[in-house]
Protein chains: 2
Amino acid sequence: MALIVQKYGGTSVGSLERIQNVAKKVAKFVDEGHQLVVVLSAMSGETNRLVDMAKTMQARPSKREMDMLLTTGEQVTIALLSMALQERGYDAISYTGWQVPIQTDEVHTKARIDSINAEKIRQQLDQNKVVVVAGFQGVTANGDISTLGRGGSDTTAVALAAALKADECQIYTDVDGVYTTDPRVVPEARRLDTITFDEMLEMASLGAKVLQIRSVEFASKYQVPLRVLSSLQDGGGTLITSEENTMEKPLISGIAFNRDESKLQVLGVPDKPGVAYQILGPIADANIEIDMIIQNQGQDGTTDFTFTVPRGDRAQAQDILTAVAKILGAREVVYDDAIAKVSMVGVGMRSHVGIASRMFQVLAEENINIHMIATTEIKISVVVQEDQLEKAVKSLHQKFELDKA
Amino acid sequence: MALIVQKYGGTSVGSLERIQNVAKKVAKFVDEGHQLVVVLSAMSGETNRLVDMAKTMQARPSKREMDMLLTTGEQVTIALLSMALQERGYDAISYTGWQVPIQTDEVHTKARIDSINAEKIRQQLDQNKVVVVAGFQGVTANGDISTLGRGGSDTTAVALAAALKADECQIYTDVDGVYTTDPRVVPEARRLDTITFDEMLEMASLGAKVLQIRSVEFASKYQVPLRVLSSLQDGGGTLITSEENTMEKPLISGIAFNRDESKLQVLGVPDKPGVAYQILGPIADANIEIDMIIQNQGQDGTTDFTFTVPRGDRAQAQDILTAVAKILGAREVVYDDAIAKVSMVGVGMRSHVGIASRMFQVLAEENINIHMIATTEIKISVVVQEDQLEKAVKSLHQKFELDKA
């Protein structure tokens with residue numbers, strides 16, 4: 001008997017029929033003698049419907065009220081799944097985030113989990129109940145409803161698995177595992193049986209979109225075995241574990257890419273100590289995630305800062321930078337929304353040299369211009385023009401032979 | 001400056017445009033210097049949509065999960081109204097039932113309010129905020145979400161008004177006040193400027209459907225001045241107050257009727273002390289509201305019990321009675337769903353005799369057969385065949401000259 005936390009995303013609960021399918025899947029595990037905690041997202045499309053209503057009401061909707069509004073989505077699905085399980089003869093009980101409770105900080109729409117009290121859930125499991133928990137949501141110390149941001153249901157599932165010391169956390173999604181790259185772009189992309197947390201973190205943060213990055217961090221920190229599987233077809237999916245458990249270490253595990261970024265540049269900044277903080281501090285204060293950062297020293301005592309942010313935050317970041325640039329006496333702030341990032345990820349890079357130059361060579365052969373480069377121990381990222389993204393991914397996948405096991 | 005609790009029903013918040021109209025109405029009161037607490041229902045149609053989903057999942061949906069599901073309806077409208085108010089420059093904050101908190105008992109789908117802690121609301125009012133509260137919902141001592149039953153938003157509003165010692169509780173609805181009877185049945189029906197709590201209780205419990213009965217009880221108990229108004233047009237509506245404030249006491253204030261009842265009969269019950277309790281106790285235990293009760297002694301040492309229950313509860317009541325009848329050795333249990341109740345209500349009855357006989361005379365002239373009769377100090381009710389209901393109401397309204405002020 002194992003304690004399993006399962007998470008089903010919006011597509012998996014996208015219709016009443018699909019919720020009944022989830023009930024069937026959950027029932028199968030209960031029949032096998034396992035204890036089940038099930039974390040659900042809102043029905044696919046529901047969040048967008050609610051966001052549209054909010055925007056009709058308020059040009060820039062209040063974040064507190066947005067959380068109040070959006071959390072109704074999961075509250076609907078947890079009630080419906082509990083009913084479906086009960087109809088099949090399985091005792092089930094649903095909990096919202098505040099009922100568990102899942103305590104978060106006060107940053108509405110992007111809250112972070114402070115703590116989870118798993119006592120209530122444990123009591124229900126001891127009474128042989130399936131516990132169905134609303135993903136994505138929590139409650140602040142103040143008693144306000146908060147949300148963890150898009151994809152936050154994954155984080156809820158992993159955090160619950162950690163709090164409950166679950167044997168495995170299974171993330172059911174509409175793909176059957178983690179691929180070497182997006183199969184919609186490269187049909188030859190191959191499913192990976194295992195991947196390390198470190199690799200997955202790089203893949204997720206770069207837009208592999210299978211799992212939310214914070215959920216992988218959580219899983220890595222608390223050593224929760226994490227498995228990505230399809231809710232629609234059977235199969236073992238991809239197991240994400242710590243590096244020690246990985247026997248083979250391929251040179252490159254996968255190629256991630258992200259279209260949802262914008263490049264911002266602050267040009268002609270007087271080059272004095274502390275300017276980097278003066279420029280990037282206010283962006284971080286506004287809770288905008290900065291991805292790549294490059295600083296280029298000029299020859300006239302000025303320096304240029306280039307960095308990337310999520311495209312949806314670009315306008316706000318630009319406003320902040322324009323104000324900061326004025327104070328610092330910088331020349332100008334420019335931006336480019338038509339960029340994309342491509343990253344090659346692999347723990348094998350640690351013990352191999354020459355991957356980067358081989359990557360640049362492939363891109364050069366395809367006449368793809370590189371805007372920015374950033375590297376870590378297990379990743380090389382380049383920013384290219386958005387319309388050259390697919391060509392870049394395809395040629396790298398082929399030249400590095402990722403289609404071959 | 002007054003403290004006003006306003007409640008807007010499902011029709012008043014039935015679309016995004018209507019929610020903006022509510023924001024406009026609320027803003028007008030704030031501009032006049034009043035403090036506002038606004039209680040909202042779910043958008044009209046939303047509750048039915050959710051109930052339909054639940055029934056797809058479970059033949060007899062779990063009541064706890066039903067409450068979990070249905071309470072999302074108001075959570076959506078309170079967030080949207082708060083946004084709409086903020087967009088107009090009015091500071092607003094929304095609260096669900098558990099956030100207030102509105103503590104209830106554990107009877108899911110039909111919970112009763114145990115207590116309200118109005119401290120949080122008061123603090124927000126002191127900061128000049130409009131407080132928008134989800135109607136219909138509360139929280140049990142256990143931390144489960146509960147609902148007050150259909151129409152429960154009225155009760156929420158009155159209970160909040162009592163807890164806050166508000167100057168007035170205004171119930172906005174799709175009618176502009178309380179009428180002598182339903183204008184859809186009798187076009188000559190006339191709006192009443194005032195009505196007493198007692199009369200309103202009789203009207204509401206009999207299906208006038210303008211206000212939920214419990215809200216009127218609450219208002220009467222805590223002496224909360226209650227006003228029913230239209231959310232769509234201007235006008236003073238109908239003020240409901242205690243009798244002392246009513247100058248004129250008309251003989252008959254109005255004619256209420258209710259189609260949503262069924263008649264149940266337990267026939268041939270051995271006539272011993274305690275049988276009434278043995279029969280009706282289990283019905284009450286099942287939280288089924290019994291309306292009229294008649295006991296007829298037979299000549300063979302048996303007695304017949306006849307009573308009415310809400311039509312939706314008839315099947316359950318019948319099941320219970322069939323079991324009880326077997327134990328008691330009663331002859332049989334029969335029912336009739338095709339009945340309706342007509343009631344004439346008026347505080348003036350207290351000081352006038354002959355109203356009842358005049359009523360029976362009118363019905364006799366129209367060839368309407370009376371199944372059951374029940375009277376109180378200010379009300380005479382008769383049960384008739386459902387297909388004769390409209391004729392009964394029309395003729396009584398005309399013969400008692402209720403169309404004349």
Side-chain angles (χ1 to χ4, degrees), chain A residues 15-17 19-20 22-23 42-43 46 49-89 91-96 98-101 120 132 134 139-140 142-145, chain B residues 15-17 19-20 22-23 42-43 46 49-89 91-96 98-101 120 132 134 139-140 142-145:
Chain A
S15 69
L16 298 183
E17 202 193 332
I19 291 174
Q20 281 168 328
V22 169
M43 294 170 88
E46 180 65 4
R49 187 180 76 91
L50 294 169
V51 168
D52 287 348
M53 292 207 291
K55 286 185 176 160
T56 307
M57 287 297 143
Q58 196 173 10
R60 287 191 175 193
S62 147
K63 290 184 172 178
R64 180 192 183 277
E65 300 302 331
M66 196 61 138
D67 283 351
M68 177 69 89
L69 183 67
L70 293 188
T71 49
T72 60
E74 304 86 44
Q75 196 171 323
V76 167
T77 51
I78 58 171
L80 293 176
L81 179 66
S82 298
M83 290 177 186
L85 284 165
Q86 290 177 21
E87 182 74 359
R88 289 170 181 275
D91 209 354
I93 185 165
S94 67
Y95 287 125
T96 60
W98 65 266
Q99 284 179 322
V100 172
K120 220 166 172 179
V132 185
V139 62
T140 69
N142 208 15
D144 286 328
I145 297 176
Chain B
S15 68
L16 298 184
E17 202 192 333
I19 292 175
Q20 281 168 329
V22 170
M43 294 170 87
E46 179 65 4
R49 188 180 75 90
L50 294 169
V51 168
D52 287 347
M53 293 207 292
K55 286 185 176 161
T56 307
M57 287 297 142
Q58 195 172 11
R60 286 191 174 192
S62 147
K63 290 184 174 181
R64 179 192 183 276
E65 300 302 331
M66 196 59 139
D67 283 350
M68 178 68 91
L69 183 67
L70 293 187
T71 48
T72 60
E74 305 84 46
Q75 196 171 323
V76 167
T77 51
I78 58 172
L80 292 176
L81 179 66
S82 298
M83 290 177 186
L85 284 165
Q86 289 177 19
E87 182 74 359
R88 289 170 181 275
D91 210 354
I93 185 165
S94 67
Y95 287 125
T96 61
W98 64 267
Q99 285 179 321
V100 171
K120 220 165 172 179
V132 185
V139 63
T140 70
N142 208 15
D144 286 328
I145 297 176

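Throughout, a chain's letter reflects where its sequence line sits, starting with A, and its residues are numbered from 1.
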request  = Sequence neighbours left out, what passes side-chain contact (heavy atoms from CB on, under 4.5 Å) with B:Asn142? Give chain and number order.
outcome  =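 Per chain and number, B:Asn142 pairs via side-chain contact (heavy atoms from CB on, under 4.5 Å) with B:Glu106, B:Thr140, B:Asp144.
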ask   = Does any heavy atom of chain B fall under 4.5 Å from the side chain of A:Leu81, the backbone, both, or neither of them?
value =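 No part of A:Leu81 comes within 4.5 Å of chain B.
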task = Check for a donor-acceptor pair, side chain of B:Gln75 on one end and backbone N or O of A:Thr71 on the other, with a separation under 3.5 Å.
result =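 No, B:Gln75 side chain to A:Thr71 backbone: no donor-acceptor pair under 3.5 Å.
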ask   = If you count heavy-atom pairs under 4.5 Å with chain A, which of B:Ile93, B:Ile78, B:Leu85, B:Val132 comes out on top?
value =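 It is B:Ile93.
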task = Take B:Thr96 and A:Trp98, measure what side chain to side chain contact (heavy atoms under 4.5 Å, CB included) needs, and give me the verdict at the end.
result = CA-CA 12 Å; B:Thr96 61; A:Trp98 65 266; over 6 Å; no
Heavy-atom pair of closest approach, residues [X] and [Y]:
X        : Y        : answer
B:Ala92  : A:Glu65  : O-OE2, 4.2 Å
B:Ala59  : A:Glu87  : N-OE1, 3.1 Å
A:Met68  : B:Ser94  : CE-OG, 3.1 Å
B:Gly143 : A:Lys120 : O-NZ, 4.5 Å

With rounding to the nearest 0.5 angstrom, report the [atom1] to [atom2] distance, [X] to [Y].
X       : Y       : atom1 : atom2 : value
B:Met83 : A:Arg64 : CE    : CZ    : 10.5 Å
B:Met57 : A:Leu16 : CE    : CG    : 4.0 Å
B:Glu17 : A:Thr56 : CD    : OG1   : 11.5 Å

task = Could you have a look at A:Ile19, A:Thr77, A:Ile145 and say which one has the most heavy-atom pairs with chain B under 4.5 angstrom?
result =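 Answer, by heavy-atom pair count under 4.5 Å with chain B: A:Ile145.
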Greatest number of heavy atom pairs closer than 4.5 Å to chain B - which of A:Gln86, A:Gln20, A:Met66, A:Arg88 =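 Option with the top pair count is A:Gln86.
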Under the salt bridge (charged side-chain N to carboxylate O under 4.0 Å, His left out) test, residues paired with B:Arg49 that sit two or more places apart =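 Scan of B:Arg49 (salt bridge (charged side-chain N to carboxylate O under 4.0 Å, His left out), adjacent residues dropped) gives B:Glu46.
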inquiry  = Can you tell me which portion of B:Gln99 sits under 4.5 Å from chain A's heavy atoms? Options are side chain, backbone, both or neither.
reply    =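 It is the side chain, since no backbone atom gets that close.
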request  = Answer whether the closest heavy-atom distance between the side chains of B:Gln58 and A:Leu80 falls below 4.5 Å.
outcome  =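 The answer is no; the side chains never approach within 4.5 Å.
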